[in-house]
Participant: 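Before anything else, here's the structure in question.
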Amino acid sequence: MNRKIPSLRALQCFEQTARTGSVSQAAETLYLTQSAVSRQIKTIEEFLGRPLFLREKQRLILTKEGECYLDQVRSGLDDLETATMRL
């Protein structure tokens, strides 16, 4: 069954970028290039049909929708981590 959700990698990139406010820092933490993280975020935004970040100079600021989505993504990632650790 195909789920109608972005890839786990894209969700990790979104969550880490939101946490740090920086594509560069997210990329370093996730051992990816800045370009790869940017592409993943763009993929999610295109998938959702709306921006999740406001781009101001060299900072990214979550939109209100981005903040709501972040709460759900974090919860989902936490649940996956918990399930994995229990197994």
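Keep in mind that the numbers below use all heavy atoms, side chains included, and drop hydrogens, waters and symmetry copies. This structure is a prediction, so every number in the text was calculated from the model and none was measured.
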Participant: By the salt bridge (charged side-chain N to carboxylate O under 4.0 Å, His left out) test, which pairs, at least two apart or in different chains, include something from residues 47-64?
Facilitator: E45-R55, R50-E65
Participant: Suppose we screen for side chain to side chain donor-acceptor pair (under 3.5 Å). Which residues come up paired with T82, at least two apart in sequence or across chains?
Facilitator: none
Participant: Show the nearest heavy-atom pair for residues A26 and V37, with the distance to one decimal.
Facilitator: CB-CG1, 4.2 Å
Participant: With sequence neighbours excluded, what pairs up with A10 under the side chain to side chain contact (heavy atoms under 4.5 Å, CB included) test?
Facilitator: P6, S7, Q40, I44
Participant: Considering residues at least two apart in sequence or located in another chain, which fulfil the side chain to side chain donor-acceptor pair (under 3.5 Å) criterion with T43?
Facilitator: none
Participant: In chain order, what residues pass the side chain to side chain contact (heavy atoms under 4.5 Å, CB included) check against S38, with sequence neighbours excluded?
Facilitator: V23
Participant: What's in the same ILVMFWY side-chain cluster as Y31, cut-off under 4.5 Å, chained through other members?
Facilitator: none
Participant: Could you give the distance from OG1 (T17) to CD1 (I41), rounded to the nearest 0.5 Å?
Facilitator: 3.5 Å
Participant: Do I61 and L70 share a hydrophobic cluster (ILVMFWY, side-chain heavy atoms under 4.5 Å, transitive)?
Facilitator: no
Participant: List in chain and number order the residues that pass side chain to side chain donor-acceptor pair (under 3.5 Å) with E67, two or more places apart in sequence or in another chain; answer none if no residue qualifies.
Facilitator: none
Participant: With sequence neighbours left out, write down each residue that passes side chain to side chain contact (heavy atoms under 4.5 Å, CB included) with I5, or none if nothing qualifies.
Facilitator: R3
Participant: For residues 55-76, which residue pairs pass the ring pair (Phe, Tyr, Trp, His ring centres under 6.0 Å) check, not counting sequence neighbours?
Facilitator: F14-Y69
Participant: What's the shortest heavy-atom distance between L30 and C13, and which atoms?
Facilitator: CD1-CA, 3.7 Å
Participant: Any pair with a residue in residues 69-82 that passes salt bridge (charged side-chain N to carboxylate O under 4.0 Å, His left out), sequence neighbours left out, goes on the list, sorted by first then second residue, please.
Facilitator: E15-R74
